[in-house]
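See structure below.
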Amino acid sequence: MSFFTEHTRVRWAIPVAAVAVIGGTTFVTSRTANADAGLAPRTAAQLLVDVQQAQLESLSGTVVQTADLGLPQIPGLGGGAAGSTGADPSLTSIVSGTHTWRVWFAGPTQQRLALVGSLGESDIVRNGSDLWVWSSKDKTAVHHTVPAATDAKRAATAPTELPKTPGDAAQMALALMGKSTDVSTSGTAVVGGRQAYELVLKPKEATTRVAQVRIAIDSEKHIPLRVQIYSTKIANPAFEVGFSSVDFAAPDGRQFAFNPPADTKVTESGTLKGGQQAAATAAPAARAALAPKVVGSGWSSVVVATVPQQDAQASREQRQLAGILAAIPRESGAWGSGRVIDGTLFSAVLTDDGRVAVGAVAPEQLYAALTAP
């Protein structure tokens, strides 16, 4: 849950991507965002610098996320079809349908996300060294301690990698920029009651399933207010996350003070370890075997990795994932056999021998990556 654990990402800074674009490795059109909303014209390069230099001190608001990823009907995903309002408040439900988040931010050690549904609420609360994950539906709360001497990268792990805020989504898209991306502007918009410029990222590659990414950037604060990701397979955004309301005043400190309700089962998980620290404890041979391989580049790159063996002490999320996988269609070929997801923005293959391939491409490219040396 990078929103809570990586201060540089919370500040919406994308220095590597911005430098790459301005340096000429990406084609940036000279067209400017027009001033039809009374805003001063800004070029794409200027907007990228604005995002890089943005300083976010505080924020609260409501975020609406909609996903139409073309996933099969799988028990445990919840959320329903795109356009429906998700009743399931569990964090695993956010990969489909429409969901509403409440967001509070008051610095690198005070953040809170609340996924709200008609059946309850799921919260992740960071307050100093305390990190809580709470489900009102399950009446459970897990308490972690975040090390004070580290930025606690990847300290909290969510069961899905979908971005929870427009800033997370924008950073993921901008990180992909390179020679394979055209960057331009597309006028202005009003998002969450605020004026915004629109930045458009369009892959040059014909093999990717991403048609374009549209990022609405606040005209005053220069942070992303909305991200829309369009697929080559459907007309409407396949994924969208944006503020329906936003306030940059400091939230009340009580928002970060979490006390489990009396009927809640509390689990103490101890001190969290960063990903690098945990990996360092593994044997070199094991680390090498599990290290992912990237086949291809840019928007059409495919990640191939080996899935760790599930032990007897598997977490609830792992057991839930196993049940989900059982509902995914099976395919076979020269690459082997396994479960295949053919979505609107990405495809994924989990082979019977424990390999996984994921990319924003068609399944055929995943099959080729699985057989690549």
Side-chain angles (χ1 to χ4, degrees), residues 67-79 91-96 154 157-163 172 175-176 203 205-210 229 231-233 238-239 275-276 278-279 281-373:
D68 185 6
L69 301 179
L71 301 179
Q73 293 296 319
I74 301 174
L77 287 185
L91 296 175
T92 55
S93 72
I94 64 174
V95 297
S96 64
R154 301 174 68 179
T157 303
T160 175
E161 290 302 321
L162 284 181
M172 291 174 66
L176 291 172
E205 305 162 14
T207 52
T208 180
R209 288 194 165 171
V210 178
I229 306 178
S231 166
T232 58
K233 299 181 67 175
F239 182 82
Q276 291 181 346
T281 63
R287 294 202 306 271
L290 295 176
K293 176 179 68 173
V294 179
V295 179
S297 61
W299 298 86
S300 298
S301 60
V302 175
V303 176
V304 180
T306 300
V307 180
Q309 292 293 322
Q310 179 174 306
D311 57 30
Q313 300 299 320
S315 66
R316 184 183 69 171
E317 289 78 12
Q318 288 176 311
R319 294 192 298 271
Q320 189 174 41
L321 177 60
I324 290 173
L325 291 175
I328 298 175
R330 290 186 59 84
E331 300 287 349
S332 63
W335 50 274
S337 61
R339 309 284 180 175
V340 178
I341 292 178
D342 185 1
T344 56
L345 284 178
F346 72 94
S347 299
V349 175
L350 180 62
T351 67
D352 293 335
D353 60 5
R355 293 172 297 156
V356 61
V358 181
V361 295
E364 290 73 20
Q365 287 181 258
L366 303 185
Y367 304 154
L370 286 167
T371 57

*Check whether any side-chain heavy atom of Leu345 sits under 4.5 Å from a side-chain heavy atom of Val210, and report yes or no.*
yes
*Pairs flagged by salt bridge (Lys or Arg N to Asp or Glu O under 4.0 Å) wherever residues 332-351 is involved - sequence neighbours left out*: Arg209-Asp342, Lys233-Asp342
*asked:* If I take atom CG from residue Leu350 and atom CZ from residue Arg330, how far apart are they, to the nearest 0.5 angstrom?
replied: 9.5 Å
*Specify the closest pair of heavy atoms between Ser231 and Ala238, including all atoms of both residues, with the distance to one decimal.*
CB-CB, 4.0 Å
*Are the side chain of Glu205 and the backbone of Ser300 linked by a donor-acceptor contact shorter than 3.5 Å?*
yes
*Of all heavy-atom pairs between Thr208 and Ala360, which one has the smallest distance, and what is that distance?*
OG1-O, 3.1 Å
*Is there a side-chain contact (heavy atoms from CB on, under 4.5 Å) between Phe346 and Leu71 once you walk through the steps?*
CA-CA 10 Å; Phe346 72 94; Leu71 301 179; 3.9 Å; yes
In residues 361-373, what donor-acceptor pairs under 3.5 Å come from side-chain atoms, sequence neighbours left out?
| unit_1 | atom_1 | unit_2 | atom_2 | d |
| --- | --- | --- | --- | --- |
| Thr371 | OG1 | Tyr367 | O | 3.4 |
| Thr371 | OG1 | Ala368 | O | 3.0 |

*Under the 3.5 angstrom rule, does the side chain of Thr344 hit a backbone N or O of Asp68 as a donor-acceptor pair?*
yes
